[in-house]
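Below: one structure, written as structure tokens.
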Amino acid sequence: MDLLTLGIVVLIYLLLVLYVGYVAWKRTKSSEDYMVAGRTTHPYIMALSYGATFISTAAIVGFGGVAGVYGMGLLWLTFLNILVGIFIAFVFFGKRTRKMGHNISALTFPEFLSKRFDSRFIQYFSGLVIFVAMPLYAAVVLIGMARFVETTLGLNYNIALITMAVIVAVYVVFGGIRGVMYTDALQGTIMFFGMAFLLIATYWLLGGVVHANQLLSGMASMIPAAASSTGSTGWTSMPILGSPFWWTLVSTLILGVGIGVLSQPQLVVRFMTVKSNKELNRAVLIGGVFIAMMTGTAFIVGALSNVYFMQHSGQIAIQATGGNADTIIPLFIATAMPVWFAYLFMITLLSAAMSTLSAQFHVQGTALGRDIYETLANKTGGSSIMVARAGILIAVLIAVILGFILPANIIAEGTAMWFSLTAVAFLAMYVCALFWKRTTRQGAIAGLVIGTVYTVFSFLFINQKAAAALGISQALTGKVVLITTMPWPVVDPIVIGVPLVFIITIVVSLLTKPPSDEHLDKCFKDVG
Amino acid sequence: MDGGVIVVLGISDPWISAAYIGCILAMLLCVVYGIINWNKGDEDEGGQISEEISWHDKEQEMEEKELGLWDEEG
């Protein structure tokens, strides 16, 4: 790839995105315009905006690379992404969230939970969890971009990271922060075509769907000893049930992200911006196809890259990249695909990263400004602008710093950690808020606090990969993890955490005074 | 058939082929649901429009006042 050509392509792309954002914003400035536009807004916009925010470079580069190691078993995650992340999220959660969010005038996810349970504590505590933990997720999205630039351009990783951070920061500052839905939709469209081409080209290159899959099946004996000794059986077969490989694949990668999507703050907000249930119904169609194409392609291509690398370099994918799963997809694009596609894929990844990062930074800014500062200081406007802007700046800086210090093979792991935390901390409270009127403030708070503490404790002291990376257990106790009996070091906190927090929320709710009918009537007006 | 094992799409482990086909079926579920309900959910509940306007205005206000966005010319 040529740096100058790439620079021109990226510049044209950025101008296009900013132009679409500007036009869309101009058109929907007043409430009246908004209603007219709203009634005629194509569900395509909503669905692709949600999809583009959901799917980032972490999903494409990170999880695609992980599929190069774990194989097509990861397609269970695609299955959950479609069924849970789109169908259940839109049909069962989206409609209620939209209506209830309007009833109680909530603008952020923590505010939604706080107003539903009439507790300011919930708002600033949730805001704090988001503000502290989300930089990890933002960092791995940036890393995904930087790894691609590093591999395709042969640019130094650190320079690539800073360049990408600057591009995204400029985009965020110049109005893209809310990921104006139209620019999201434009980015989603680019992502869709980029990934569709990648899927078709990969199967074509390897001789068709059945032939390519058969070739990959035939490589089962080539899995490295380190993987087979922990339970891997090949790229087209599930690992041995209960083995460390199986636990990581199923509990961390598949369940963590597959279930965790339901309580993602940056996605829940999307439901409240929807104008009617009709739009959500239609968005199910578009969203389902979009997500299937995004993660399905990433995981299938990631797995099949093994066939390509074996044919051309005599090595499996993880060996061809020198042991870093994060560079499998970039290396595959750079070596197997035509040069013009590498440029297109760069734009695809920029789209994926920008749409997700802008939503992440927005959520972090409002978490600090609205959810934490305003709630604690009891002030609105004025000084909280400065706090929110400072929040965004801090969030960007932390993400970049983390991008420098995080190790290789981190993208999928980092994403999964964030999804686990949000699932354990927020999912029970969110589900109960929508579906169970008997839930009390005390029940919600108990679940939130215990879920957060449990997950953080697990990552620091129980979960092998996270604890080893963070090193706090080692420093305090001299041991990497406190429990070494299998399978605990490889079980994701979500497996115990989500059921545990549901039980706590329900039991504490039943033991405490139910909320007033008046409050419930307000929250549930016209809901369901 | 391959040695008594049913091979689907070149994949012999039923757990993997099930995931592969499950993705396609889940996608079709979304497509069918979307088509069937294409025009549903539009019934105008009383006050919905004004309620949406007020939510949107509040959101806009948050964007302007708290994030300092769009504050130049409106």
Side-chain angles (χ1 to χ4, degrees), chain A residues 25 29 31 34-35 38 71-73 75-76 78-79 82-83 86-87 91 95 101-102 105 107 175 177-178 209-214 217 236-238 272-273 275-289 292 296 362 365-366 369-370 374 380-382 384-385 388-389 392 526, chain B residues 2 5 7-74:
Chain A
W25 167 66
K29 217 163 47 172
S31 296
Y34 162 81
M35 283 318 300
M72 288 193 183
L75 283 173
W76 282 109
T78 301
F79 175 73
I82 305 167
L83 195 70
I86 296 292
F87 192 79
V91 177
K95 292 177 184 175
H102 291 184
S105 306
L107 299 175
I177 190 160
R178 186 55 212 266
V209 175
V210 174
H211 184 66
N213 291 350
Q214 275 169 345
S217 299
T236 58
S237 51
M238 287 298 279
M272 294 188 272
T273 65
K275 289 90 194 174
S276 73
N277 283 347
K278 183 169 88 175
E279 211 185 346
L280 276 173
N281 285 335
R282 293 179 173 189
V284 169
L285 190 161
I286 298 149
V289 175
H362 179 267
T366 54
R370 188 174 181 89
E374 277 191 17
T380 51
S384 90
I385 298 178
R389 283 186 166 172
I392 293 171
D526 298 324
Chain B
D2 179 14
V5 181
V7 179
V8 181
L9 296 166
I11 299 164
S12 55
D13 183 347
W15 279 100
I16 304 293
S17 37
Y20 205 113
I21 292 165
C23 292
I24 297 169
L25 292 179
M27 184 180 79
L28 288 178
L29 171 75
C30 291
V31 170
V32 170
Y33 180 91
I35 292 172
I36 291 176
N37 295 292
W38 194 257
N39 282 317
K40 292 181 188 161
D42 201 16
E43 306 81 35
D44 241 334
E45 303 144 34
Q48 185 165 306
I49 292 186
S50 61
E51 169 196 305
E52 280 165 19
I53 290 180
S54 99
W55 189 87
H56 177 72
D57 284 347
K58 279 186 199 128
E59 203 216 19
Q60 199 87 330
E61 199 182 299
M62 177 180 86
E63 302 279 293
E64 283 166 18
K65 292 204 174 148
E66 289 160 40
L67 295 176
L69 297 173
W70 328 127
D71 50 1
E72 286 87 27
E73 34 171 336

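Chain naming here is simple, since letters A, B, ... match the order of the sequence lines and numbering starts at 1 in each.
For the options A:V91, A:V209, A:L75, A:N281, heavy-atom pairs under 4.5 Å to chain B are most numerous at A:N281. Taking chain A as the reference chain and counting heavy-atom pairs below 4.5 Å, the highest number among B:A18, B:G22, B:C23 is found for B:C23.
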Show your reasoning for whether side-chain contact (heavy atoms from CB on, under 4.5 Å) applies to B:Y20 and A:T78. CA-CA 9 Å; B:Y20 205 113; A:T78 301; over 6 Å; no

Before you tell me yes or no, could you show the steps for A:T236 and B:D13 under side-chain contact (heavy atoms from CB on, under 4.5 Å), namely the whole-Å CA-CA distance, both residues' side-chain angles and the distance that decides it to 0.1 Å? CA-CA 7 Å; A:T236 58; B:D13 183 347; over 6 Å; no

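A donor-acceptor pair under 3.5 Å is absent between the side-chain atoms of A:N277 and the main chain of B:K40, judged by distance alone. Between the side chain of B:W38 and the main chain of A:K278, no donor-acceptor pair closer than 3.5 Å is present.
Of all non-hydrogen atoms in A:A292 and B:M27, the two that sit nearest each other are CB-SD, 3.5 Å.
Side-chain atoms of B:C30 and A:L285, non-hydrogen and from C-beta on, never get closer than 4.5 Å to each other. Looking only at side-chain heavy atoms (C-beta outward), A:M238 and B:I16 come within less than 4.5 Å of each other.
For the atom pair CG (B:L9) and NE2 (A:H211), the distance works out to 14.5 Å, reported to the nearest 0.5 Å.
A:S217 touches chain B through its side chain: at least one heavy atom from C-beta onward sits under 4.5 Å away, while N, CA, C and O do not. Proximity to chain B involves both the backbone and the side chain of A:I82, based on heavy atoms less than 4.5 angstrom apart. In this structure, the portions of B:I35 lying under 4.5 Å from any heavy atom of chain A include both its backbone and its side chain.
Side-chain contact, A:R282 with B:N37: no donor N or O sits under 3.5 Å from an acceptor N or O.
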